[in-house]
Amino acid sequence: MYAHIRPLLFALGPEEAHLLASTGARFAQKVIPSLIERMFAFSHPALSVQVLGLTFTNPVGLAAGFDKNARLVPFFRLLGAGFTEVGSVTARPSRGNSRPRLFRIPDQEALINRMGLGNHGAAKIAPRLKRVAHQTAFPVGVNIAKTHSPGILGDEALEDFAETYRRVVDHAGYITLNVSCPNTAEGKTFEDPAALDTLLQHIDAITAERQREGAAHTPPLLVKLSPPERERFVLDSLYDEILAVCATHRVDGFVATNTLPHDKGGLSGPPLATRSNALVRYLHTRTNGSKPIIGVGGIDCAEAAYERLAAGASLVQLYTGLVYHGPGLIARIKQGLVRLAEAEKYASISQVTGSRT
Ligand SMILES: Cc1cc2nc3c(=O)[nH]c(=O)nc-3n(C[C@H](O)[C@H](O)[C@H](O)COP(=O)(O)O)c2cc1C
C-alpha cells in the first residue's frame, strides 16, 4: 500500500510529508487502533529480547527524532515495534533551525537533516510521557539533549541537561544521552571525553541523590555516539577514551550511531550502514559484550537488521528506512529476522547478538 502513498508524500517537501504522516498517525492511533494492530500484526516468541533489565517483545524500535514530542507512542506500539525512543527532549522548548532543514536523496534512499533539536521542551513532554510510559510491556526510551542555544555553555549546559534528566527520569524505560547531534553548533560538546566525564558525574550525583530520597526507579542510561569518520574504521582513540570515561560511571549501554556530519546537516540511511555496523562491532568487542548496544543507521531490511545484531547489537532502530519503505517495514523486518535466525538454527534472536564479530 505504501507504494501508492509514497509518491503522494514525496510530492510534498520532506518536512511537510513528515507532518502529514505524523498527523495521520495521531488520528489513526485514536480512531482505528485495532485496525492498525491487525494490519501490521506479526509476533513470534523467538523475537523476544531481555536486555537492560527490560523485556522487549521484539528488537525493532523507532529511532529518536521521529517522535520528538512523545505524541506517537501508541502508534508505534500498534505497528508492532518492540520499543520507541522519544526525543530529543531538551530543557527549553525550541523551534530548531530555520527551514529548509530536511532533504531527501532519493537515489540513495537517504536523508540529510539539520533539524536542530526542535521540540516542545521537557516541562510539556514529561506529562505526556507519564501518561503513556507504563502502558503494557512496551519500553519507551527518552532521548535527551542540551537545549539548542549556543549561549548555554559550561555549568549552565550541565544544569540544562540535568534539568531534562530530572523531569523525565520517572517516566523513562531507559534514557539516552544524545551527545552526538551534528546539526547544532554545540550538539557534540559532550562527546568530548572530558566534557562527557563531567556530564556523567553530574548524572551520577542526581542518581545518588534520588536514591537517598528513596526513588524507586533508576532507568538504564545509554550514550548515543557519532559514526566513525571513515568507513574502513578499525580502532579509534576517541571511542576508546569515551569507553574509558563511561566505564567509570553508571553507563549501561550505547546507541550507535547518530547521523554522519555533512555540510548540510547529518546524513542518514544506507550510506551510514557500514560505519554504524563497524562501530557496533567495535563497541561490542571492546566491552566483551557487557554493555548492550542499540544499533541504528541505514537499517532498511531484515538482512541489514540481522547483520547489525550479528555485529553486536541487542536491539535495532529505524528512521530513514520508514520514510522510504513505509510503516509495514517493521513487520517485514520482524518476519525476516525469524526466518534468518531459523536458517542459522538459533532458537532466539538474542543468540544472534555478537555472533559475527
Ligand atoms: C529528520 C531526523 C531527525 C533526527 N532527530 C534526532 C534527534 O532529535 N535526536 C537523536 O538522537 N537522533 C536524531 N536523529 C538520528 C536518528 O535517530 C538516527 O540515529 C539516524 O537517522 C540513523 O538512522 P537511520 O539511518 O535509520 O535514519 C534524527 C534523524 C533524522 C533523519
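Heavy-atom basis, side chains included; hydrogens, waters and symmetry copies ignored. Here, residue 1 is the first one in the sequence, and each next residue gets the next number. Note that the coordinates shown come from a computational prediction; the quantities given were computed from them, not determined experimentally.
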Spell out, yes or no, whether [X] and [Y] are grouped together once hydrophobic residues are joined by side-chain heavy atoms under 4.5 Å, including indirect joins.
X: Tyr2; Y: Leu72; value: yes
X: Val51; Y: Tyr306; value: yes
X: Ile349; Y: Leu54; value: yes
X: Leu19; Y: Phe10; value: no
X: Ile293; Y: Leu272; value: no

N/O donor-acceptor pair under 3.5 Å between [X] side chain and [Y] backbone:
X: Thr147; Y: Ser149; answer: no
X: Lys224; Y: Ala256; answer: no
X: Asn288; Y: Ser290; answer: no
X: Arg281; Y: Arg356; answer: yes
X: Thr248; Y: Val245; answer: yes
X: Glu109; Y: Ile105; answer: no

Report yes if the side chains of [X] and [Y] come closer than 4.5 Å at any heavy-atom pair, otherwise no.
X: Asp197; Y: Pro193; value: no
X: Pro292; Y: Leu315; value: no
X: His171; Y: Arg131; value: no
X: Leu129; Y: Val142; value: yes
X: Thr257; Y: Val296; value: no
X: Val49; Y: Thr55; value: no
X: Leu20; Y: Leu8; value: no
X: Ile175; Y: Tyr165; value: yes

Do [X] and [Y] pair up side chain to side chain, a donor and an acceptor below 3.5 Å, judged on atom types alone?
X: Ser48; Y: Thr57; result: no
X: Gln108; Y: Tyr324; result: no
X: His120; Y: Arg128; result: yes

Would you mind writing out the side-chain donor-acceptor pairs for residues 328-335 within the sub-3.5 Å range, not counting sequence neighbours?
unit_1 : atom_1 : unit_2 : atom_2 : d
Arg332 : NH2    : His325 : O      : 3.2
Lys334 : NZ     : Phe42  : O      : 2.8
Lys334 : NZ     : Gly80  : O      : 2.9

Hey, is [X] close enough to [Y] for a salt bridge, meaning N to O under 4.0 Å?
X: Glu159; Y: Arg166; value: yes
X: Lys146; Y: Glu163; value: no
X: Glu303; Y: Arg308; value: no

For Leu221, the option from Thr176, Leu200, Asp204 that meets side chain to side chain contact (heavy atoms under 4.5 Å, CB included):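 Of the listed options, the one satisfying the test is Leu200.
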
Nearest 0.5 Å please: distance from the [atom1] atom of [X] over to the [atom2] atom of [Y].
X: Lys68; Y: Asn143; atom1: NZ; atom2: CG; result: 8.5 Å
X: Leu225; Y: Leu283; atom1: CG; atom2: CG; result: 6.0 Å
X: Arg26; Y: Asp67; atom1: CZ; atom2: CG; result: 9.5 Å

Quick one, Ile144 with Phe161, criterion side-chain contact (heavy atoms from CB on, under 4.5 Å). Give me CA distance, side-chain angles, the key distance, then yes/no. CA-CA 7 Å; Ile144 67 174; Phe161 235 124; 3.7 Å; yes

More than 12 heavy atoms from other groups under 6.0 Å of CZ on Arg95: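 Incorrect, the count does not exceed 12.
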
Should the heavy atoms of other residues, nucleotides or ligands under 6.0 Å from CZ of Phe27 be counted, would the total exceed 12?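 Counting other residues, nucleotides and ligands, CZ of Phe27 stays at 12 neighbours or fewer.
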
Take Ser268 and Thr259 through the test side-chain hydrogen bond (donor to acceptor under 3.5 Å, both in side chains) and record every step on the way to the result. CA-CA 5 Å; Ser268 61; Thr259 55; over 6 Å; no

Among Asp240, Thr357, Asn277, Thr287, which one satisfies side-chain hydrogen bond (donor to acceptor under 3.5 Å, both in side chains) with Tyr282?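 With Tyr282 as partner, side-chain hydrogen bond (donor to acceptor under 3.5 Å, both in side chains) holds for just one option, Asp240.
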
side-chain hydrogen bond (donor to acceptor under 3.5 Å, both in side chains) partner of Thr90, chosen from Asn178, Asn119, Asp160: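 Only match with Thr90 under side-chain hydrogen bond (donor to acceptor under 3.5 Å, both in side chains): Asn119.
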
Yes or no on salt bridge (charged side-chain N to carboxylate O under 4.0 Å, His left out) for Asp170 and Arg210, after CA distance, side-chain angles and deciding distance? CA-CA 10 Å; Asp170 284 327; Arg210 282 171 45 82; 3.2 Å; yes

List the steps and the verdict of side-chain contact (heavy atoms from CB on, under 4.5 Å) for Leu260 and Arg275. CA-CA 9 Å; Leu260 183 69; Arg275 287 177 172 82; 3.7 Å; yes

side-chain contact (heavy atoms from CB on, under 4.5 Å), that's the test. Do Asp155 and Leu158 meet it? Break it down for me. CA-CA 5 Å; Asp155 285 351; Leu158 281 176; 4.2 Å; yes

Mind running side-chain contact (heavy atoms from CB on, under 4.5 Å) on Met115 and Asn97 for me, showing each step along the way? CA-CA 6 Å; Met115 301 299 289; Asn97 290 321; over 6 Å; no

Verdict with reasoning, Ser226 to Glu191, per side-chain hydrogen bond (donor to acceptor under 3.5 Å, both in side chains): CA-CA 8 Å; Ser226 297; Glu191 202 173 34; 2.8 Å; yes

Residues which pass side-chain contact (heavy atoms from CB on, under 4.5 Å) with Glu342, listed by chain and number, not counting sequence neighbours: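 Here the qualifying residues are His44, Val338.
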
With ring-ring contact (aromatic ring centres under 6.0 Å, His included) as the rule and sequence neighbours excluded, what pairs involving residues 56-88 come up?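 Sorted pair list: His18-Phe66, Phe56-Phe83, Phe66-Phe76, Phe66-Tyr319.
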
